[in-house]
Amino acid sequence: MAIGDLVPWNWNKKKLSVAKSRDPFIAMQRQMNDLFRNFLSDSPWDVPSVFSEDSGEFVPKVNVKENEKEIEVTAELPGLTQDQINLSLSDDALVISGEKQEEHEHKDDKAHRYIERCFGSFQRVIPLGAEIDQDAIDATFKSGVLTVKLPKVASSQKAKKVSIRSV
Amino acid sequence: MENLSGVNQSESREAYLPRCDIYERQDAIVVLADMPGVDEKGAEVRLEKNVLELIGRVNKRSERHRYERCEYGEGDYYRNLRLSDGIDTERIEASMKNGVLRVVLPKSQKHRPRKIEVKSA
């Protein structure tokens, strides 16, 4: 039995894009696949990633802050330009999506590179707990950080009194 | 100085470890470091004895809000990389765009691949 028989069947194929899964078993399977690939690779550039939660997909991190007047959503999107980011608002959620391109000038240097940064298409859906004044939304993008300020509708700021009827 | 959880401590100040891509071209090595929130004024590149230090400083904003969801922390970035001898340190260039620090490390002349002409003797 050759050592090649022990290798997972798809170890040297390009990574399939799958939905991001928080299932710990799927994450562990990915790490095992990466371990096999790194162990059996000839290239000194295939080093296990320092970042343990790596899955190769680009999932930008998002912070959500809220006070009485507004909700503020910030997202880390380094290396993207403004026109590569799409923002849309549905009734109860803010959707941030787009695609981060691989660096063009380095696309052909596959044998001589070490990659930690991720690229690809992404989408984050952020549920909003309050009604938003859609006309007053302010979104800015600076130094790779997207900041979206969503002012709440004035009437939703007051707590409504609920009366109890006797039965 | 670096630990593997993504945060390192240097000079008794905590900093985040930026994700880096390292490419090798024929004439240079290129390092790209993700430092969202850092502009060119906040970025610093230092070289001392073959150790390249990448530093990014962010302006921390005042906390007027309450976190509903917190996936990343705001803080400075720090990473160091050991360089081999084949780098022409006088010609290192660094630039900052959209939160990505790009450092180009040209290879010194004698370390570039050269084609040697074969003459008939």
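Below, chain A is the first sequence line, B the second, and so on; all start at residue 1. Both backbone and side-chain heavy atoms feed into the values below; hydrogens, waters and symmetry mates do not.
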Item to complete: For each of A/V62, A/V145, A/L77, tally heavy-atom pairs with chain B at distances under 4.5 Å, and name the one with the top tally.
Response: A/V62
Worksheet entry | Contacting moiety of A/P60, where chain B heavy atoms sit under 4.5 Å | backbone
Worksheet item: In terms of heavy-atom proximity below 4.5 Å to chain B, should A/L80 be classed as side chain, backbone, both, or neither?
Response: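 A/L80 touches chain B through backbone heavy atoms alone.
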Practice prompt. Show your reasoning for whether ring pair (Phe, Tyr, Trp, His ring centres under 6.0 Å) applies to A/F58 and A/F122.
Written response: CA-CA 6 Å; A/F58 178 45; A/F122 65 90; 5.2 Å; yes
Worksheet item: Partners of B/D27 by side-chain contact (heavy atoms from CB on, under 4.5 Å), sequence neighbours excluded?
Response: B/R25, B/R112
Under-4.0 Å salt bridge between [X] and [Y]:
X      : Y      : value
B/E71  : A/R124 : yes
A/D138 : A/K149 : no
A/K152 : A/E66  : yes

Worksheet item: To which residues is A/V125 joined in a hydrophobic cluster, defined by side-chain heavy-atom contacts under 4.5 Å among Ile, Leu, Val, Met, Phe, Trp and Tyr, whether direct or through other members?
Response: A/V95
Fill in: Residues which pass ring pair (Phe, Tyr, Trp, His ring centres under 6.0 Å) with A/F141, listed by chain and number, not counting sequence neighbours
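Testing A/F141 for ring pair (Phe, Tyr, Trp, His ring centres under 6.0 Å), a comparison that skips the adjacent residues, returns none.
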Worksheet item: If you count heavy-atom pairs under 4.5 Å with chain A, which of B/A33, B/G99, B/P36 comes out on top?
Response: B/P36
Worksheet item: Which residues in residues 88-98 of chain B have any heavy atom lying under 4.5 Å from a heavy atom of chain A?
Response: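 So far as heavy atoms go, B/N98 are the residues that approach chain A to under 4.5 Å.
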Worksheet item: Would A/K61 count as a cation-pi partner of B/Y72, with NZ or CZ less than 6.0 Å from the six-membered ring centre and within 45° of the ring normal?
Response: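 A/K61 over B/Y72 ring: no.
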